[in-house]
Amino acid sequence: QVQLVESGGGLVQPGGSLRLSCAASRFTLAYVNIGWFRQAPGKEREGVSCISSRDGSTYYVDSVKGRFTISRDNVKNTVYLQMNSLKPEDTAVYYCAAASRYKDYLMTCQNGGMDYWGKGTLVTVSS
């Protein structure tokens with residue numbers, strides 16, 4: 001069974017940093033489009049950042065540009081989201097998700113049309 005397992009969430013003060021990890025089992029992350037999504041209380045889920053399997057192109061939602069960085073370690077079969085300069089509005093459950101490489105990675109990142117989802121990890125930014 002395909003699995004995506006997130007880790008690295010927690011409580012951090014505004015301005016702090018966290019690195020989220022997403023480990024995959026039973027499939028190879030290098031061959032799929034992969035991304036991070038988040039859902040804050042009372043809000044819709046949004047695509048935060050995605051990376052294309054074809055050429056490594058990346059997408060970031062405007063609110064995290066310059067602060068978050070997505071990366072992929074093909075040897076460890078893990079994708080990361082480095083989050084710096086965190087703000088209270090970044091508080092949310094963060095989900096890792098994967099989609100077929102034949103799907104448009106940008107479209108699936110923006111509309112959430114991914115094929116596999118992790119269970120999420122909670123990030124709380126608060127003083």
Side-chain angles (χ1 to χ4, degrees):
Q1 185 177 355
V2 170
Q3 275 192 321
L4 294 168
V5 180
E6 304 95 335
S7 61
L11 173 64
V12 63
Q13 292 186 341
S17 298
L18 281 176
R19 188 178 77 158
L20 305 183
S21 300
C22 173
S25 60
R26 300 190 183 275
F27 70 98
T28 302
L29 285 178
Y31 300 147
V32 298
N33 298 328
I34 193 82
W36 289 94
F37 295 75
R38 67 184 180 187
Q39 188 165 21
K43 294 188 176 181
E44 293 187 354
R45 184 180 60 198
E46 68 171 346
V48 176
S49 180
C50 293
I51 186 166
S52 168
S53 66
R54 295 194 177 192
D55 59 7
S57 298
T58 56
Y59 161 83
Y60 296 94
V61 69
D62 285 347
S63 59
V64 307
K65 285 181 179 177
R67 300 189 297 123
F68 290 11
T69 303
I70 190 170
S71 61
R72 183 176 58 203
D73 185 326
N74 293 337
V75 174
K76 295 182 177 180
N77 208 32
T78 299
V79 65
Y80 303 98
L81 184 68
Q82 178 66 43
M83 306 186 296
N84 298 328
S85 302
L86 283 161
K87 304 175 181 180
E89 51 263 43
D90 295 318
T91 295
V93 177
Y94 284 71
Y95 299 90
C96 175
S100 167
R101 63 184 301 172
Y102 300 107
K103 291 186 174 181
D104 182 275
Y105 95 100
L106 185 58
M107 185 175 297
T108 54
C109 198
Q110 293 176 329
N111 67 20
M114 309 296 276
D115 299 314
Y116 303 102
W117 294 85
K119 293 184 178 181
T121 185
L122 176 62
V123 172
T124 303
V125 185
S126 175
S127 55

What is the minimum heavy-atom distance between [X] and [Y], and which atoms define it?
| X | Y | answer |
| --- | --- | --- |
| A99 | G113 | CB-O, 4.5 Å |
| L81 | S49 | CD1-CB, 4.1 Å |
| W36 | S21 | CH2-O, 3.5 Å |
| S53 | R72 | CA-NH1, 3.8 Å |
| Y105 | C50 | CE1-O, 3.8 Å |
| V123 | G9 | CG2-CA, 4.1 Å |

Any donor-acceptor pair under 3.5 Å linking the side chain of [X] with the backbone of [Y]?
| X | Y | result |
| --- | --- | --- |
| Q82 | R19 | no |
| N77 | A30 | no |
| E6 | K119 | yes |
| S52 | R54 | yes |
| N33 | K103 | yes |

Is [Y] reachable from [X] through a run of I, L, V, M, F, W or Y residues, each pair having side-chain heavy atoms under 4.5 Å apart?
| X | Y | result |
| --- | --- | --- |
| M114 | Y94 | no |
| Y116 | F37 | no |
| V12 | F68 | yes |
| Y80 | V48 | no |
| V32 | V79 | yes |

What's the spacing between [X] [atom1] and [Y] [atom2] if we round to 0.5 Å?
| X | Y | atom1 | atom2 | result |
| --- | --- | --- | --- | --- |
| L18 | D90 | CG | CG | 10.0 Å |
| T108 | Y59 | OG1 | OH | 11.0 Å |
| L86 | S17 | CG | OG | 6.0 Å |
| C22 | D73 | SG | CG | 12.5 Å |
| I51 | C109 | CD1 | SG | 11.0 Å |
| L20 | T78 | CG | OG1 | 12.5 Å |

Might you confirm whether atom OH of Y60 has over 12 heavy atoms from other residues, nucleotides or ligands at distances under 6.0 Å?
->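 Yes, the 6.0 Å shell around OH holds more than 12 heavy atoms from other groups.
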Over 12 non-hydrogen atoms of neighbours within 6.0 angstrom of OH in Y31:
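No, OH of Y31 has 12 or fewer neighbouring heavy atoms, counting only those of other groups under 6.0 Å.
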Between W117 and Y95, what is the ring plane arrangement, given parallel below 30°, perpendicular above 60°, and tilted in between?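 Taking Y95 first and then W117, their aromatic rings stand perpendicular (interplane angle over 60°).
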Just so I know, are the side chains of C96 and I34 near enough to count as touching, which here means a heavy-atom distance under 4.5 Å?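 A side-chain contact exists here, since the closest heavy-atom pair is under 4.5 Å.
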ask   = Can a salt bridge be assigned to the pair D62 and K65 using a cut-off of 4.0 Å between side-chain N and carboxylate O?
value =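 Yes, D62 and K65 are salt-bridged.
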Does the pair R38/E46 count as a salt bridge with the N-to-O cut at 4.0 Å?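 E46 and R38: salt-bridged.
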**Message:** Using the rule given for side chain to side chain contact (heavy atoms under 4.5 Å, CB included), can you reason through L11 versus S126, listing the C-alpha separation, both sets of side-chain angles and the distance that settles it, and then say yes or no?
**Reply:** CA-CA 7 Å; L11 173 64; S126 175; 4.2 Å; yes
